[in-house]
2 protein chains.
Amino acid sequence: MMDRAKALDAADPLAAFRESFILPEGVIYLDGNSLGALPKATTAAMTRVVEKEWGEGLIRSWNDADWFAMGTRVGAKIAPLIGAKPHEVIACDTVSVNLFKLISAALAMRPGRKVILSEPGNFPTDIYMIEGLERQGLATQRLAPRDQIMDALDDDVALLMLTHAHYKTGELFDMAAMTKAAHDAGALVLWDLSHSTGALPVDLNGVHADFATGCGYKYLNGGPGAPAFAYVADRHHADFAQPLTGWFGHARPFAFSDEYEAAPGIEQLQCGTAPILGLTALEVGVDLIAEIGVDRLYSKSRALSEFFLECIVERGLDLDLVSPSESTARGSQLSFRHDNAYALCQALIARGVIGDFRDPDILRLGFAPAYLRFEDMAEAAKHLAEVIQTEEWQRDEFSQRAAVT
Amino acid sequence: MMDRAKALDAADPLAAFRESFILPEGVIYLDGNSLGALPKATTAAMTRVVEKEWGEGLIRSWNDADWFAMGTRVGAKIAPLIGAKPHEVIACDTVSVNLFKLISAALAMRPGRKVILSEPGNFPTDIYMIEGLERQGLATQRLAPRDQIMDALDDDVALLMLTHAHYKTGELFDMAAMTKAAHDAGALVLWDLSHSTGALPVDLNGVHADFATGCGYKYLNGGPGAPAFAYVADRHHADFAQPLTGWFGHARPFAFSDEYEAAPGIEQLQCGTAPILGLTALEVGVDLIAEIGVDRLYSKSRALSEFFLECIVERGLDLDLVSPSESTARGSQLSFRHDNAYALCQALIARGVIGDFRDPDILRLGFAPAYLRFEDMAEAAKHLAEVIQTEEWQRDEFSQRAAVT
């Protein structure tokens, strides 16, 4: 398969973009869906923001380096990646905090309805943030399995909140169909795009989504703990309100008024002072992904995972794939169930193939299309086959759990 | 006065620490209370976290570089600066978001009481965050002028929320007396330490404070939009709960359970994924301030502002000081009321003396004791006198307001 891999790499229109990233020697990185790789341009941008803008410009950089507009500027650059208009997206806070704002906004727009509907096994923080609003007595959590969500949409549901690409299996929701069903039931819709943005095409405007949020540190390559983004459809800008009413969301923060007056547009999603170092790194990643283009990334993403499956079949592996077998039905990842997934993952890491273990029994491999090669697929499949076929994973050292995994 | 300034600098035990900061040529920086200067060690730390930990270590650095513990580690280092125990402080989110968590926690601990008491003219975000909880129907804002706060503490007050050093005037509250009064009325107390931490001694444990939060980008020199910190007295750790229940505050985030279970200690204040780049810069600033020591910083802070006042008197200036005239009664700043404060501030900036304008008529000068010299005081006073005495501030260019000031 290595010959075919090399031929595919030679024909890959995105091949040259690998050079835009730092990738350590001897590593095949199949975890860009957990923390994206470092763009080469990030180091210069961080030097600029730290040494020049902060060190030399000091407080003046809020104006001179346009720090005040960073959240909206980076948001506007993310917008075309997710089918939104530039003024509908802002980069701020974390996915978790943004979920709280947007769920709260939905509840306020649907008085008399308290149910937030999601699915069990959604990414934990999504479910936990509903629990936070339950603590406040403002929301009621309802979780329905994927095939029963439509039936669970009744008059009590204020908001349907789903993750487009499932973090564990990669399974995709039909955003258009789910959004329409929710709207037909009088509910609003919030999409978590953490495992989609930068790898798959998303069309928030096209499906008439109300709200969305997503992660900056996965396929957007914004760095560890990068700021997240949030989207509010502009038809709601005049009448949405959220409770994290900090000074950066004020219409005139420097009037220092005692009365809160929300900024008129998406800016009202900001709360505290914008995290300039994190936004600077995020902007570099977003610029790079925008330059490559989501449609091209999506094509390559599917080709990579399809080729990887071919490679493991050819290696004689018969693994339990829990991701959809059709590449159009999954995100940019493949997940396999294995009784010894943890040890398997550790044995691969020892060979330089970095994937993810997800409790209790999932080996998750992510295919970041911006910097992975077909050669990496063939090589990773070889390692996976060897680790399993030689039972290398049974070594004691691979079953010791790290403190945090 | 310059001779005396030079003598004071020569005798200053903290003089050498100026070399630990980057300070641009030709600038006298009197705005470290808005954005602290760049520690020299920060650039190496940022290179390490970006190039080595992110670029080379990738996802492994959550364990190998101990990213998971950064919030608690930095919090534990801030703790001694504010009279707290290491496990009572965590670095996370922004001051605004932390206010929301802590106000919410207080409301839950005082069922039947809904009033959050503060003072008019408190830093806007503090007041705005109460308004956010009013939007949710969970809180009632009550603002009482400083001399009427004691009388406003009645059976409806769940929380007294005050800022130790006033952002505009620098006036200090007596933390012990106010905390005791609130407790006597059955209320809890939350202190905003944004304008105190790293410049003034604070003794949260000594005054029996319940909650506190503060800023990382002022006297802690953590960089623009640095993460904030939050404190919860350990006597409340078993029974406090807050509604921003994200996955980083979970007892076992990587169990990926559908049920939220709060981490047992201060970690439950975390919400989304920790902002590693921002925390890295903050840690450098905190380490440096801890090394210098708050008591020495406080002595020098008072000496600087007292000397500055002597200098302007000697220059024949008779300014309207709105800060307390006793240095023990104010934070590390001096604020002057002037009808043309904006133009005055701009004229000073044009001469390289960077202070702050605060709407509508305040010129605010901050004295960051870690890196300012007595020589800077004499020099700044000279510029201030010249700008006023020659009416230089009347030039047209100094009255043009920037888009954001």
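By convention in this document, chain letters (A, B, ...) are assigned in the order of the sequence lines, proteins followed by strands, and residues within each chain are numbered from 1.
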Inset, instruction - Could I get the full list of ring-ring contact (aromatic ring centres under 6.0 Å, His included) partners for His166(B), not counting sequence neighbours? - result: none

Legend entry - Contact class of Glu53(B) relative to chain A, heavy atoms under 4.5 angstrom: neither

Inset, instruction - Counting only heavy atoms closer than 4.5 Å, note whether Leu58(B) contacts chain A via side chain, backbone, both or neither. - result: both

Legend entry - Interface moiety of Leu138(A) toward chain B, non-hydrogen atoms closer than 4.5 Å: side chain

Inset, instruction - Check each atom of Val95(B) against the heavy atoms of chain A and say whether the ones under 4.5 Å are side chain, backbone, both or neither. - result: neither

Legend entry - Contact summary for Gly225(B) and Trp62(A), nearest pair of heavy atoms: N-CZ2, 4.4 Å

Inset, instruction - Report yes if some heavy atom in the side chain of Cys271(A) is under 4.5 Å from a heavy atom in the side chain of Met129(B); otherwise report no. - result: yes

Legend entry - Portion of Ser104(A) that has a non-hydrogen atom of chain B nearer than 4.5 angstrom: side chain

Legend entry - Proximity breakdown for Ala241(B) and chain A, heavy-atom pairs closer than 4.5 Å: both

Inset, instruction - Could you have a look at Ala226(A), Pro120(A), Ser257(A) and say which one has the most heavy-atom pairs with chain B under 4.5 angstrom? - result: Ser257(A)

Inset, instruction - Go through Gly57(A), Gly36(A), Ala228(A) and name the one with the most non-hydrogen pairs under 4.5 angstrom from chain B. - result: Gly36(A)

Legend entry - Over 12 foreign heavy atoms within 6.0 Å of NZ, Lys52(A): no

Inset, instruction - Sort Asp31(B) into side chain, backbone, both or neither according to what part of it lies under 4.5 angstrom from a heavy atom of chain A. - result: side chain

Legend entry - Any residue meeting salt bridge (Lys or Arg N to Asp or Glu O under 4.0 Å) with Arg142(A), in chain and number order, not counting sequence neighbours: Asp154(A)

Legend entry - Segment of Val27(A) engaging chain B (4.5 angstrom heavy-atom cut-off): side chain

Legend entry - Which atoms of Thr94(B) approach chain A - backbone, side chain, both or neither, heavy atom under 4.5 Å: side chain

Inset, instruction - Just give me the residue among Ile276(A), Asp359(A), Thr125(A), Ile59(A) that pairs up with chain B most often, heavy atom to heavy atom, under 4.5 Å. - result: Ile59(A)

Inset, instruction - For residues Val50(A) and Leu38(B), report the shortest heavy-atom separation together with the two atoms involved. - result: O-CD2, 3.4 Å

Inset, instruction - Run the numbers on Tyr260(A) and Glu134(B) for side chain to side chain contact (heavy atoms under 4.5 Å, CB included), then give the verdict. - result: CA-CA 11 Å; Tyr260(A) 182 76; Glu134(B) 282 190 313; over 6 Å; no

Legend entry - Asp126(B) versus chain A, the contacting section by heavy-atom distance below 4.5 Å: neither

Legend entry - Contact origin within Ala274(B) toward chain A - heavy atom pairs under 4.5 Å: backbone

Inset, instruction - Name the region of Leu107(B), side chain, backbone, both or neither, that has any atom closer than 4.5 Å to a heavy atom of chain A. - result: neither

Inset, instruction - Name the option with the most non-hydrogen atom pairs under 4.5 Å to chain A; the candidates are Ser34(B), Gly32(B), Ala255(B), Gly55(B). - result: Gly55(B)

Legend entry - Residues Gln136(B), Leu133(A); criterion side chain to side chain contact (heavy atoms under 4.5 Å, CB included); working and verdict: CA-CA 10 Å; Gln136(B) 295 189 299; Leu133(A) 280 148; 4.0 Å; yes

Inset, instruction - Provide the closest heavy-atom pair for Gln268(A) versus Arg135(B) in the form atom of the first, atom of the second, distance. - result: OE1-NH1, 4.5 Å

Inset, instruction - Report the option among Trp54(A), Tyr167(A), Trp67(A), Trp247(A) that has the most heavy-atom pairs separated by less than 4.5 Å from atoms of chain B. - result: Trp54(A)

Legend entry - Most chain B-contacting option - heavy-atom pairs closer than 4.5 Å, from Thr245(A), Leu279(A), Ile349(A), Thr273(A): Thr245(A)

Legend entry - Heavy-atom pairs under 4.5 Å with chain B, option from Gly132(A), Gly272(A), Pro224(A) with the top count: Pro224(A)

Legend entry - Main-chain N/O of Pro24(A) paired to Glu56(B) side chain as donor or acceptor, under 3.5 Å: no

Legend entry - Proximity breakdown for Phe21(A) and chain B, heavy-atom pairs closer than 4.5 Å: neither

Legend entry - Main-chain N/O of Gly121(A) paired with Asp258(B) side-chain donor or acceptor, under 3.5 Å: yes

Legend entry - Heavy-atom side-chain proximity of Thr43(B) to Thr47(A) below 4.5 angstrom: no

Inset, instruction - With a 4.5 angstrom heavy-atom cut-off, could you sort out which part of Ala108(A) is near chain B: side chain, backbone, both or neither? - result: neither

Inset, instruction - For the pair Tyr128(A) and His250(B), name the ring-plane relationship: parallel under 30°, tilted 30 to 60°, perpendicular over 60°. - result: parallel

Legend entry - Exam field: side chain Ser96(A) to backbone Gly246(B), donor-acceptor pair closer than 3.5 Å: no

Legend entry - CD on Gln141(B) to CD on Glu259(A), rounded to 0.5 Å: 8.0 Å

Legend entry - Arg60(B) CZ to Leu35(A) CG distance, which is reported to the nearest 0.5 Å: 11.0 Å

Inset, instruction - Go through Phe254(A) and Arg358(B) one step at a time and tell me if the side chain to side chain contact (heavy atoms under 4.5 Å, CB included) criterion holds. - result: CA-CA 8 Å; Phe254(A) 289 84; Arg358(B) 284 293 173 257; 4.2 Å; yes

Legend entry - Ile127(B) versus chain A, the contacting section by heavy-atom distance below 4.5 Å: side chain

Inset, instruction - Let me know if Phe248(B) has heavy atoms under 4.5 Å from chain A in its side chain, its backbone, both or neither. - result: neither

Inset, instruction - Tell me, for Leu244(B) versus chain A, whether the close heavy atoms (under 4.5 Å) come from the side chain, the backbone, both or neither. - result: both

Inset, instruction - With side chain to side chain contact (heavy atoms under 4.5 Å, CB included) as the test, would you mind laying out the steps for Met46(A) and Leu277(B) before giving the verdict? - result: CA-CA 10 Å; Met46(A) 293 311 291; Leu277(B) 303 188; 4.2 Å; yes

